[in-house]
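Each remark here refers to the structure printed beneath this line.
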Amino acid sequence: MPEGHTIHRLAKDLNRSLRPGPVQASSPQGPFATEARQLDGLLLERAHAYGKHLFLDFADGPTVHIHLGLIGKMRPKEPGTGIEGAIRLRLESDDALWDLTGPMTCALIDPADVADITASLGPDPLRRGARREEFVDRLGRRSIPLSAALLDQSVIAGIGNVYRSEFCYLVGIKPSTPAKTVRVEAAEQIWDLAVDQLRLGVKLNRIVTRTPSEVGTTAGRIDEDNRLYVYKREGEPCHRCGTEIRLSEIAKRKSWHCPTCQK
DNA sequence: TCTTTATGGTGAG
DNA sequence: TCACCCTAAAGAT
């Protein structure tokens, strides 16, 4: 479930559980075996995230660049767990074990590569120093639909298909609205939303856009089927006005909105 | 036991 | 614009 919040949360968890190491690295699946051997036994300097990109810096060694893509997962396992599934990279310390499966990217890179990657990205609302004006400016230059621009990682880094629909709903704008016609105040509102929502996403390790009182909890647990306003809810009534939520396709991905609440 | 879907992105034409 | 990459769980039959 990889949008930006997932990757930043991963970086946090990896820092906490694998640092400083030394870290044992292996690639049970095979394709990354040579690279894993290069990492084996090194100290993890730090894990950090930029948008949906995860970087693991090893002391006196390379950086591992991981992008989970649509189906990739990096999951903690109980130390001693056997090999199940197609594990591209396994990282182990004395008391932690992480398995990476199905990543779009898993490669060894150097600092220049890291710079190239981050330079290609728009501001990341989860990073300190990210500038709202930068986002507003980049959004204002795009004639594509707002919902498409929010998916464009060079406009804003870390937003994915869930957040884009939810943000359009929360600001009350139809997803197909050309990005450049969105008022500056609304663009600023979207950025502020992104900062708040992704931070909450990191904290909860899941996307929850509805307010706590709306979501409801059972014994302190979040009601999983009640976390979002529009995503994957086509045909169901809007939580606010009751109108049926509509599904459309924008930028080759599904997009949901309420035709009444979003004009 | 199939087929489909998924919170993503690249490269060729 | 399209084909394609990666994996696993959910849904359909």
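From a predicted model like this one, the values you see are computed outputs, not experimental measurements. Lettering follows sequence order; numbering is per chain, from 1.
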Among B:dG8, B:dT7, C:dT7, which nucleotide has an atom closest to any side-chain atom of A:Arg227?
B:dT7
Atom-pair distance ([atom1] on [X]; [atom2] on [N]), nearest Å:
| X | N | atom1 | atom2 | value |
| --- | --- | --- | --- | --- |
| A:His8 | B:dT7 | NE2 | P | 20 Å |
| A:Ile250 | B:dT7 | CD1 | P | 14 Å |
| A:Leu70 | B:dA6 | CG | P | 9 Å |
| A:Gln197 | B:dT7 | CD | P | 18 Å |
| A:Met74 | B:dG8 | CE | C1' | 18 Å |
| A:Glu3 | B:dA6 | CD | P | 13 Å |
| A:Ile117 | B:dG9 | CD1 | C1' | 13 Å |
| A:Ile71 | B:dT4 | CD1 | P | 17 Å |

Would one find a side-chain N or O of [X] under 4.0 angstrom from OP1 or OP2 of [N]?
| X | N | result |
| --- | --- | --- |
| A:Arg253 | B:dT7 | yes |
| A:Lys52 | B:dG9 | yes |
| A:Tyr231 | B:dT7 | yes |
| A:His5 | B:dT7 | no |
| A:Lys254 | B:dA6 | yes |

Using the [atom1] atom in both, what is the distance from [N] to [M], to the nearest Å?
| N | M | atom1 | value |
| --- | --- | --- | --- |
| C:dC5 | B:dG13 | P | 14 Å |
| B:dT4 | C:dA3 | P | 15 Å |
| B:dG9 | C:dA9 | P | 22 Å |
| B:dT5 | C:dT13 | P | 11 Å |

Do the ring planes of A:Tyr229 and A:Tyr169 sit parallel (below 30°), tilted (30 to 60°) or perpendicular (above 60°)?
parallel
Classify the angle between the aromatic ring planes of A:His65 and A:His53 as parallel (below 30°), tilted (30 to 60°) or perpendicular (above 60°).
parallel
Evaluation steps, side chain to side chain contact (heavy atoms under 4.5 Å, CB included), between A:Asp99 and A:Arg75:
CA-CA 5 Å; A:Asp99 280 342; A:Arg75 297 182 269 221; 5.6 Å; no
What nucleic acid atoms does A:Gly102 come within less than 4.0 Å of, heavy atoms only: base, sugar-phosphate, or nothing?
base
Going by an N to O cut-off under 4.0 Å, is there a salt bridge joining A:Asp13 and A:Arg16?
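Salt bridge between A:Asp13 and A:Arg16, a charged N being under 4.0 Å from a carboxylate O: yes.
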Are any of the side-chain nitrogens in A:Arg253 or A:Glu249 under 4.0 Å away from the carboxylate oxygens of its partner?
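No, no charged N to carboxylate O under 4.0 Å.
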